[in-house]
A.B. asks: 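Following this message is one structure expressed as structure tokens.
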Amino acid sequence: MLDKAYDAKKYEDAIYKKWEKSGAFKADSQSKKKPFCISMPPPNATGTLHLGHAIMLALEDILIRHRRMKGYEALWVPGTDHAAIATQNKVEKLLAEEGVTREQLGRESFLNRVKEYVADSQDIIRNQIRKMGSSCDWERERYTLDDDLNRAVIEVFVRMYEDGLIYRGHRIVNWCTRCGSTLADDEVEYVEVQTPFYYIKYGPVVIGTARPETKFADKVVVVHPEDKRYKKYVGQEMDIDWIDGKIKAKFIADKDAADMEMGTGAMTITPAHSFVDFDLAKKYKLEIEPIIDERGKMLPIAGEFAGMDVAECRTLLVKKMQKLGLIDRIDENYTHNLSVCYRCNTAVEPLVSEQWFIDVNKKCKALKGKSIKQRSIEVVKKGDIQIIPDKFNKTYFHWMEDLRDWCISRQIWWGHRIPVWYCACDKNCKPECRQPIVSRETPKACSHCKSKNLKQDEDTLDTWFSSALWTFSTLGWPKKTADLKKFHPTSVMETGYDILFFWVARMIIMTTYALGDIPFEKVYLHGLIRDREGRKMSKSLNNGIDPLEMIDQFGADALRMSMVIGNTPGNDMRLYEEKIKGYRNFTNKLWNASRFVLGIFEEKNIKSAPPLDLKKLSDSDQWILEKLNRTITSVDDALTNFRISEAGQVLYDFLWSDFCDWCLELSKGEKQNPAVLYHVLKTILILLHPIVPFVTEQIWSELPGSQGMLINEAFPALFKGKFDGSATDTAIEVISALRRMRAENKIEPGEKIPVVLYGHQKMAALESHQEEIIKLARISKLTLKEEGPKLPGAATDVASGVDVLIPLGGLVDTKKEKERLTKEIANLNKYIASVSGKLANKHFLQNAPKAVVEGEKKKLSDATVRMNKMKEQLAHL
RNA sequence: GGGCGCUUAGCUCAGUUGGUUAGAGCGUCUGGUUUACACCCAGAAGGCCGAAGGUUCGACUCCUUCAGCGCCCACCA
């Protein structure tokens, strides 16, 4: 016998072990079944999982379990990501607490330290993924730094290099001075800050800047060609007084670069520390002179400020400029967007550096003669990849179209080492020796001078380079594995919309290149989980909810449901304890309904599945089977089409309202049909299993005659037959009316009352449900007639065409009853007016579909009948 | 500056291609130990579906404008 209340903690871990041990999560690449595959977005191997991971695990597990039950060969590949910068930062912080820097430790020891840390994190993460009930194939678990995956990374790099898509170049990049590394464009975030804005006299003009410390080498002034104020200077070269004496400055005009409205309309350019200026410098072939170095210190060109931090330099430089009379004025309330590193929030310094890039515009055979940009846009435009919800298409296209070459080299230690070597022989050797050697294997000697003195590139690859290969590298590529053949392209990529660019877009880029194929057919993007006030959960606000704590309190099933119901793809949701508690209550409801049904089986000594005779069904049996059939259809449809919330909602309502409130209550009598109860309960367990796998599996194990584990059960087929539950609908409406009337007239709930029903056309329905009506409406004596007279002083109502009367004069509050009837008649009047208005409209009759017109006619006649009865009753009171 | 989205009951949110007298959960109120469940049961109150126009026989649903809120991208010398 089941416990009185469901205690998730008591069962979940054991159930998970049983699943895992049984091999139920394992997918077979040799099977004949149609494949369904999800690559789990690999959590960063840094610490613990949060709700963002929890919602991803819940959604993906629901999809996987549903498709598995539907007969697909379902594969869910788990894994973790080395998360280059994030992990390195974490370990650097830990080291800082010990007073050590990574440089002091040296590359090798540092990497060992990181490996230890990652191994610990992975253990924690694996455990947490299991806690959520995730039915992923642990034998296929991967890590982005696994040897196999490293091979895939190198393979792609070398191929891209050979195809000319990867190149090495001196270009302006985003540089984090704290991480000491480049960042990709989308790894830069912007924060609004207030800084002083300086207007500085630059010869005959005044220029505005928030960063005077970058201006030491500015030698060119750009103005708009139409700007009357400055037209006279264009093309001139003149001596002007600058920070360290006179310099020569040139004036040029550019209609795209200069904006007359902005600032003073004149600007000087700083090619080495501004993306826009860098491009301008290229355009006009200007000198590109660095001012700030890679540690964020001023270079010798800054004269007495050399070696200073940027901030310090700025303060002192402004003082100097003031003395020199160069400062025109200072605007103290200037707000602008400061670019910062997405991993450590340090200000990003744009600077020029020699780095590796992926060319996004170069056309290439492997991309069907198109560029990365073109291919990536094409596969979504053509619908090969479908993004859910589709509002993200536009965002995706927009990002792709504006994409600049992707800087992929990082000056950090943790990650995939770039497979490039340089000949370190005497520099006078041969000019060719300065060419990088790009190779799959460590080269033995320089191919030009045969020197064995080779040095590998110190840099590692952007972490997103390796995660971009995730869908296929995890399946064995570049080897032609059975897994790859069976499961790629994967079916769905389910992840948060916040990494659409970082990850999803890059997977599309890399897969269309390396495999000539899409990485996945659908992209399902979930929203962010926020706190009760709609704020992002964060450490600094301390408003985060720990999924493990919630699982401990309410169970994994409850947590899963709370994140999945009432939320649609792409939209953020708020989550808080009461919500999770509500779904804990649901799991308990399911538990108790099962407990009740199982009790009946025990009582009747039912030890195995009782045969269900679909030809001998009471009206109530048909009623619940019809509802169940509808539920099966809509749950299947909803899950197939990624409307996961709807599937959960439909099941919630069916279990609670239809099954518990009515089916089980109606079954507490002589007409109880244990076979029907058995099959309905069994079907409910299967249907609910993808969403709440633990509680359903536990109940399943207690269900007499259930075989094997629920996880392996097939998704239910519809019960065959035409089921008519209309008599039960009538009974339900009559019972509800009686309950309402009792409450309105303040009849004690315990008190049994006499009731008169005039059934009219519904006599048969009422006769067949007398027992249930008497019981559920607490009736002492039921008088059932086809029709009859109004009873003086009786409370009356009409339900489903049946006159419902409670003829106890003393019990009825006549005044209230009059008020109620008057109000209802007024309502009906309005309603009838609107419906008959519609039906009087020629255009409506002409244009509306027949079914709609018929529906309106029925509405009108029903309402009219009801109103007439109400009027009669009112007259009779 | 460009783009996207949201605005429905006190709160959190559903509402499939336009056809409901607009739904759920929580909360509130009235009552309840009835063959599982107080993590429960029965009942009730509560909404001009952000505002104004338009299209349509018909609009919460489609279009336009506006307001408030939010997000993303670009970037301001």
Side-chain angles (χ1 to χ4, degrees), chain A residues 2 4-6 186 190 197 207-211 222 257-259 261-270 274-277 334-337 339 389 391-392 394-395 398-399 402 497-498 500-501 528 532 534 554 558 565-568 570-576 578-579 581-600 603 637-638 641 643 645-646 649 652-653 657 660-661 664-665 667-669 736 739-744 746 748-750 775-776 778 827-828 830-831 834-835 838 841-849 851-853 855-856 859 863:
Chain A
L2 267 42
K4 200 168 173 191
Y6 174 62
D186 49 346
Y190 295 89
F197 190 76
I207 57 160
T209 183
R211 302 202 57 191
V222 185
D259 181 347
E261 312 295 319
M262 187 83 80
T264 60
M267 64 173 184
T268 61
I269 58 179
T270 312
S274 151
F275 279 81
V276 182
D277 294 2
Y334 177 72
T335 54
H336 80 143
N337 288 328
S339 51
K391 69 179 179 192
F392 284 105
K394 250 192 181 170
T395 324
H398 185 252
W399 186 82
D402 288 354
Y497 66 73
D498 52 330
L500 176 62
F501 305 140
L528 270 45
R532 187 193 304 270
F554 304 113
I565 292 185
N567 174 242
T568 40
N571 292 320
D572 295 352
M573 79 177 308
R574 301 179 190 207
L575 189 70
Y576 36 85
E578 291 95 305
K579 235 182 213 179
K581 199 168 160 186
Y583 293 106
R584 187 274 317 265
N585 294 353
F586 175 81
T587 58
N588 189 56
K589 186 76 181 173
L590 171 65
W591 181 262
N592 271 289
S594 308
R595 181 166 175 257
F596 174 67
V597 176
L598 294 178
I600 292 169
E603 201 180 292
D637 181 63
N641 295 300
R643 299 192 312 271
S645 166
E646 189 186 313
Q649 193 67 57
Y652 186 105
D653 292 342
S657 311
C660 291
D661 291 348
L664 290 186
E665 290 308 319
S667 82
K668 290 174 180 173
S736 299
R739 283 174 173 170
R740 197 168 49 241
M741 289 157 76
R742 293 180 63 116
E744 270 165 11
K746 304 234 182 300
E748 286 295 316
K775 191 169 164 51
L776 295 181
R778 319 218 95 225
N827 268 345
L828 281 167
K830 252 195 253 165
Y831 181 55
S834 102
V835 177
K838 249 189 225 177
N841 186 332
K842 261 187 279 172
H843 303 285
F844 173 71
L845 296 176
Q846 269 167 24
N847 297 325
V852 174
V853 177
E856 292 299 315
K859 278 183 201 167

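These figures come from a predicted structure and were not determined experimentally.
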A.B. asks: Across the strands shown, which category fits Q649(A) at heavy-atom distances under 4.0 angstrom: base, sugar-phosphate, nothing?
C.D. replies: sugar-phosphate

A.B. asks: Using a 4.0 Å heavy-atom cut-off across all strands, classify K842(A) as base, sugar-phosphate, or nothing.
C.D. replies: nothing

A.B. asks: Who passes salt bridge (charged side-chain N to carboxylate O under 4.0 Å, His left out) against R574(A), sequence neighbours left out?
C.D. replies: none

A.B. asks: Hey, which sits more toward the 5' end of RNA chain B by its nearest nucleotide, S667(A) or Y583(A)?
C.D. replies: Y583(A)

A.B. asks: To the nearest 0.5 angstrom, please state how far the CZ atom of R532(A) sits from the CG atom of L575(A).
C.D. replies: 9.5 Å

A.B. asks: Suppose you measure atom C1' in U21(B) against the same atom in C48(B); what distance do you get, rounded to whole Å?
C.D. replies: 14 Å

A.B. asks: In whole angstrom, what separates I565(A)'s CD1 from A24(B)'s C1'?
C.D. replies: 10 Å

A.B. asks: Does some side-chain heavy atom of K668(A) sit less than 4.5 Å from a side-chain heavy atom of L776(A)?
C.D. replies: no

A.B. asks: Distances for protein N/O vs nucleotides 40-46 of chain B N/O pairs under 3.5 angstrom?
C.D. replies:
from, atom 1, to, atom 2, distance (Å)
C40(B), OP1, N585(A), ND2, 3.3
C40(B), O3', K589(A), NZ, 3.1
C41(B), OP1, K589(A), NZ, 2.8
C41(B), OP1, W656(A), NE1, 2.6

A.B. asks: What pairs with A210(A) under side-chain contact (heavy atoms from CB on, under 4.5 Å), at least two apart in sequence or on another chain?
C.D. replies: T195(A), F197(A), Y334(A), H336(A)

A.B. asks: I'd like to check the side-chain hydrogen bond (donor to acceptor under 3.5 Å, both in side chains) partners of K391(A); sequence neighbours left out, ordered by chain and number.
C.D. replies: N571(A)

A.B. asks: In whole Å, I'd like the distance from the CG atom of L528(A) to the P atom of C4(B).
C.D. replies: 21 Å

A.B. asks: Measure the shortest side-chain to side-chain distance between W399(A) and D186(A) over non-hydrogen atoms and say whether it is less than 4.5 angstrom.
C.D. replies: yes

A.B. asks: Expressed as a whole number of Å, how far does the P atom of A45(B) sit from that of G23(B)?
C.D. replies: 13 Å

A.B. asks: NA contact type, K391(A), heavy-atom cut-off 4.0 Å: base, sugar-phosphate, or nothing?
C.D. replies: sugar-phosphate

A.B. asks: Of the options A36(B), C57(B), A24(B), whose atoms approach the side-chain atoms of N841(A) most closely?
C.D. replies: C57(B)

A.B. asks: Can you name the closest pair of heavy atoms from M267(A) and I207(A) and give their distance?
C.D. replies: CA-CG2, 4.0 Å

A.B. asks: Donor-acceptor pair, D277(A) side chain versus I269(A) backbone, under 3.5 Å?
C.D. replies: no

A.B. asks: Between C1' on U35(B) and CD1 on I600(A), what's the gap in Å once rounded to a whole number?
C.D. replies: 8 Å

A.B. asks: With sequence neighbours excluded, tell me which residues meet side-chain contact (heavy atoms from CB on, under 4.5 Å) with Y190(A).
C.D. replies: V188(A), N337(A), S339(A)

A.B. asks: State which residues pass side-chain contact (heavy atoms from CB on, under 4.5 Å) with E748(A); sequence neighbours excluded, sorted by chain then number.
C.D. replies: E751(A)

A.B. asks: Heavy atoms only: give me the nearest R778(A)-G750(A) pair and the separation to one decimal.
C.D. replies: NH1-O, 3.3 Å

A.B. asks: Who are the side-chain contact (heavy atoms from CB on, under 4.5 Å) partners of N841(A), not counting sequence neighbours?
C.D. replies: H843(A), F844(A)

A.B. asks: Are there any protein N/O atoms within less than 3.5 Å of an N/O atom in nucleotides 71-77 of chain B, and if so, which ones and at what distance?
C.D. replies:
from, atom 1, to, atom 2, distance (Å)
C75(B), N3, N337(A), ND2, 3.0
C75(B), N4, N337(A), ND2, 3.0
C76(B), N4, N337(A), ND2, 3.1
A77(B), OP2, Y334(A), OH, 2.5
A77(B), O3', G208(A), O, 2.5
A77(B), O3', T209(A), OG1, 3.1
A77(B), O2', G208(A), O, 2.3
A77(B), N6, D259(A), N, 3.3
A77(B), N6, D259(A), O, 2.9
A77(B), N1, D259(A), N, 3.2

A.B. asks: Provide the distance between the two C1' atoms, one in A74(B) and one in C13(B), to the nearest whole Å.
C.D. replies: 33 Å

A.B. asks: Can E856(A) and K859(A) be counted as an ion pair, charged N to O under 4.0 angstrom?
C.D. replies: yes

A.B. asks: Identify all side-chain donor-acceptor contacts of residues 584-591 of chain A below 3.5 Å with residues at least two apart in sequence or on another chain.
C.D. replies:
from, atom 1, to, atom 2, distance (Å)
T587(A), OG1, R584(A), O, 2.6
N588(A), OD1, Y6(A), N, 3.0
N588(A), OD1, N592(A), ND2, 3.4
W591(A), NE1, D3(A), O, 2.8

A.B. asks: As an exercise, state the distance from CG of D637(A) to CZ of R643(A), rounded to the nearest 0.5 Å.
C.D. replies: 4.5 Å

A.B. asks: In whole Å, measure the gap between the P atoms of G31(B) and A67(B) for me.
C.D. replies: 50 Å

A.B. asks: In dot-bracket, 5' to 3', how would RNA chain B read with Watson-Crick or G-U wobble pairs under 3.5 Å, [ ] for crossing ones and | for pairs to another strand?
C.D. replies: (((((((..((((.....[...)))).(((((.......))))).....(((((..]....))))))))))))....

A.B. asks: What integer number of Å spans the C1' atoms of G58(B) and A22(B)?
C.D. replies: 16 Å

A.B. asks: Expressed as a whole number of angstroms, how long is the span from K4(A):NZ to A36(B):P?
C.D. replies: 9 Å

A.B. asks: To the nearest 0.5 angstrom, please state how far the CD atom of E665(A) sits from the CZ atom of F596(A).
C.D. replies: 7.0 Å

A.B. asks: Any N or O donor-acceptor pair linking the side chain of R595(A) to the base of C37(B) at under 3.5 Å?
C.D. replies: no

A.B. asks: Check nucleotides 15-21 of chain B against the protein and report each pair of N or O atoms closer than 3.5 Å, with its distance, or say if there are none.
C.D. replies:
from, atom 1, to, atom 2, distance (Å)
U21(B), OP1, Y831(A), OH, 2.6
U21(B), OP1, K859(A), NZ, 3.4
U21(B), OP2, K859(A), NZ, 3.2

A.B. asks: Step by step, work out the side chain to side chain contact (heavy atoms under 4.5 Å, CB included) result for R595(A) and K4(A).
C.D. replies: CA-CA 8 Å; R595(A) 181 166 175 257; K4(A) 200 168 173 191; 3.9 Å; yes

A.B. asks: Send over the distance from Y652(A) OH to A24(B) P, rounded to a whole Å.
C.D. replies: 12 Å

A.B. asks: Using the P atom as the point on both nucleotides, what is the distance between A42(B) and U55(B), in whole Å?
C.D. replies: 48 Å

A.B. asks: Can you name the nearest heavy-atom pair linking L664(A) to A593(A), along with the distance?
C.D. replies: CD1-CB, 3.9 Å

A.B. asks: If you measure from the P atom in A9(B) to the same atom in U61(B), how many Å do you get, rounded?
C.D. replies: 15 Å

A.B. asks: Check the distance between C39(B)'s C1' and K581(A)'s NZ and give it to me in whole angstrom.
C.D. replies: 8 Å

A.B. asks: Considering only the P atoms, how many Å lie between G10(B) and G19(B), rounded to the nearest integer?
C.D. replies: 25 Å

A.B. asks: Quickly work out the D653(A) CG to G25(B) P distance and round it to whole Å.
C.D. replies: 7 Å

A.B. asks: In this structure, how many angstroms lie between the P atom of C26(B) and the CZ atom of R584(A), rounded?
C.D. replies: 12 Å

A.B. asks: Would you tabulate the nitrogen or oxygen pairs shorter than 3.5 Å linking the protein to nucleotides 27-33 of chain B?
C.D. replies:
none

